[in-house]
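Following: one structure in structure tokens, then a few remarks.
Read the numbers this way: they start at 1 and go in the same order the structure lists the ligands and their atoms.
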Amino acid sequence: MFEKTGIPSKEMIMEKFPSIDRINKGPVAVVECYKEIPCNPCQTACKFDAIKVGEDINNIPALNSDNCTGCAICLSKCPGLAIMVVDGSKSETTVQIKIPYEFLPLPNAGDIVKGLDREGKYIADVKVINVLNPKSFDRTPIITLEADREFLYDIRNIKVVS
Ligand code: SF4
Ligand code: SF4
């Protein structure tokens with residue numbers, strides 16, 4: 001399916017997620033880069049040595065979740081919008097998910113928006129916690145969402161309904 005549609009299977013997605021214990025400790029990146037491509041801005045952007053592509057620029061990036069602070073700087077630097085940050089430390093019932101979002105209109109903090117999966121299918125309503133769009137993000141804003149825990153592995157995008 002992935003080769004035809006570019007949509008990863010559940011197993012592929014789960015392999016990219018850090019353990020739930022790590023997620024519950026605090027924010028951490030999920031690097032959903034599935035193909036060998038000549039690309040490494042994620043490695044360059046990370047000041048904590050948490051993402052390694054290595055000497056061969058075609059390598060698939062590897063995350064060292066112990067080093068990752070969840071700072072989310074790499075999200076706006078990845079041309080493939082392949083990275084998000086998840087945080088299970090805030091609540092036992094919800095998780096926070098930071099995603100890069102390049103559509104307009106941008107949502108506002110406090111908005112309820114449609115949470116979508118990797119195929120663009122509606123999963124559940126989610127709350128916008130924060131919208132960051134400084135010049136240094138070069139028109140790739142970062143949206144922080146709050147979602148029910150059961151959707152941790154599913155929510156990957158949003159639709160803003162005006
Ligand atoms: S979230 Fe921050 S610390 Fe983690 S991999 Fe990205 S840039 Fe590095
Ligand atoms: S910058 Fe994004 S697309 Fe490029 S290697 Fe890193 S995760 Fe993959």
Side-chain angles (χ1 to χ4, degrees), residues 1-91 94-103 106-107 109 115-120 126 128-147 149 151-158:
M1 174 167 159
F2 178 73
E3 289 305 325
K4 276 192 181 162
T5 64
I7 298 165
S9 64
K10 189 84 179 182
E11 292 72 30
M12 291 168 75
I13 295 165
M14 295 302 289
E15 278 177 14
K16 298 294 185 186
F17 269 75
S19 70
I20 193 67
D21 285 349
R22 173 63 189 84
I23 292 169
N24 286 340
K25 275 187 191 155
V28 63
V30 180
V31 185
E32 286 196 79
C33 204
Y34 296 100
K35 287 189 108 171
E36 292 185 352
I37 50 169
C39 188
N40 70 355
C42 51
Q43 174 178 267
T44 312
C46 183
K47 303 300 174 216
F48 301 95
D49 209 18
I51 299 188
K52 270 236 163 347
V53 172
E55 275 185 23
D56 183 348
I57 197 171
N58 292 296
N59 288 341
I60 291 176
L63 178 80
N64 178 340
S65 64
D66 291 337
N67 285 7
C68 179
T69 65
C71 70
I73 296 299
C74 56
L75 273 64
S76 63
K77 305 298 179 203
C78 168
L81 307 182
I83 312 175
M84 62 179 184
V85 163
V86 294
D87 181 3
S89 70
K90 308 271 191 229
S91 155
T94 61
V95 286
Q96 289 199 358
I97 301 173
K98 282 185 166 64
I99 58 164
Y101 186 75
E102 293 187 337
F103 296 98
L106 285 177
L116 310 179
D117 69 8
R118 288 162 181 80
E119 290 183 66
V126 293
V128 176
I129 301 295
N130 194 18
V131 178
L132 283 178
N133 190 19
K135 265 196 172 161
S136 60
F137 283 7
D138 194 21
R139 287 167 289 176
T140 303
I142 305 299
I143 315 284
T144 305
L145 307 165
E146 183 182 69
R149 252 176 198 269
F151 304 124
L152 167 64
Y153 303 105
D154 302 311
I155 302 281
R156 191 60 174 88
N157 205 346
I158 56 168

Atoms of ligand 1 under 4.0 Å from any heavy atom of A72, numbered from 1 in the order shown, are 1 (S), 2 (Fe)
Exercise for the section: Answer yes or no: is there an ion pair linking E32 with R118, defined by an N-O contact shorter than 4.0 Å? Expected result: yes
heavy-atom search around atom 6 (Fe) of ligand 1 in the protein gives C74 SG, 2.3 Å
Check this for me, if you would: do K135 and D138 make a salt bridge, where the nitrogen-to-carboxylate-oxygen distance has to be below 4.0 angstrom? no
F48 heavy atoms within 4.0 Å reach ligand 1 at atoms 3 (S)
Short version for T69: what comes under 4.0 Å of ligand 1, heavy atoms counted, is both
Atoms of ligand 1 under 4.0 Å from any heavy atom of I51, numbered from 1 in the order shown, are 5 (S)
C46 heavy atoms within 4.0 Å reach ligand 1 at atoms 3 (S), 5 (S), 7 (S), 8 (Fe)
Can you see whether Y153 has K10 sitting over its ring - NZ or CZ less than 6.0 Å from the centre and within 45° of the normal? no
A student checking ligand 2 against P79 at a 4.0 Å heavy-atom cut-off should list atoms 1 (S)
Quiz item: Is the distance from atom 4 (Fe) of ligand 2 to the nearest N/O/S atom of C39 under 2.8 Å?
Solution: yes
Minimum side-chain heavy-atom gap V31-L63 below 4.5 Å: yes
Test item: L81 and E102 side chains (from C-beta on) under 4.5 Å apart, heavy atoms: yes
Numbered in order shown, the ligand 2 atoms found under 4.0 Å of a heavy atom of C33 are 3 (S), 5 (S), 7 (S), 8 (Fe)
Requested in this report: Could you tell me whether any N, O or S atom belonging to C71 is less than 2.8 Å from atom 2 (Fe) of ligand 1?
Outcome: yes
Item to check | Side chain to side chain, V85 and V30, heavy atoms closer than 4.5 Å | outcome: no
Worksheet entry | Side chain to side chain, K77 and Q43, heavy atoms closer than 4.5 Å | no
A student checking ligand 2 against C78 at a 4.0 Å heavy-atom cut-off should list atoms 1 (S), 2 (Fe), 3 (S), 7 (S)
task: Specify whether an N/O/S atom of C42 falls short of 2.8 Å from atom 8 (Fe) of ligand 2.
output: no
- Task: Decide yes or no for N133 and L106: does some side-chain heavy atom of the first lie under 4.5 Å from some side-chain heavy atom of the second?
- Result: yes
(message) Can you tell me if V31 contacts ligand 2 (heavy atom of the residue under 4.0 Å from the ligand)?
(response) yes
When distances are taken from atom 4 (Fe) of ligand 1, the protein heavy atom at minimum range is C68 SG, 2.4 Å
Heavy-atom distance under 4.5 Å between the side chains of I7 and F2, does that happen here?
no
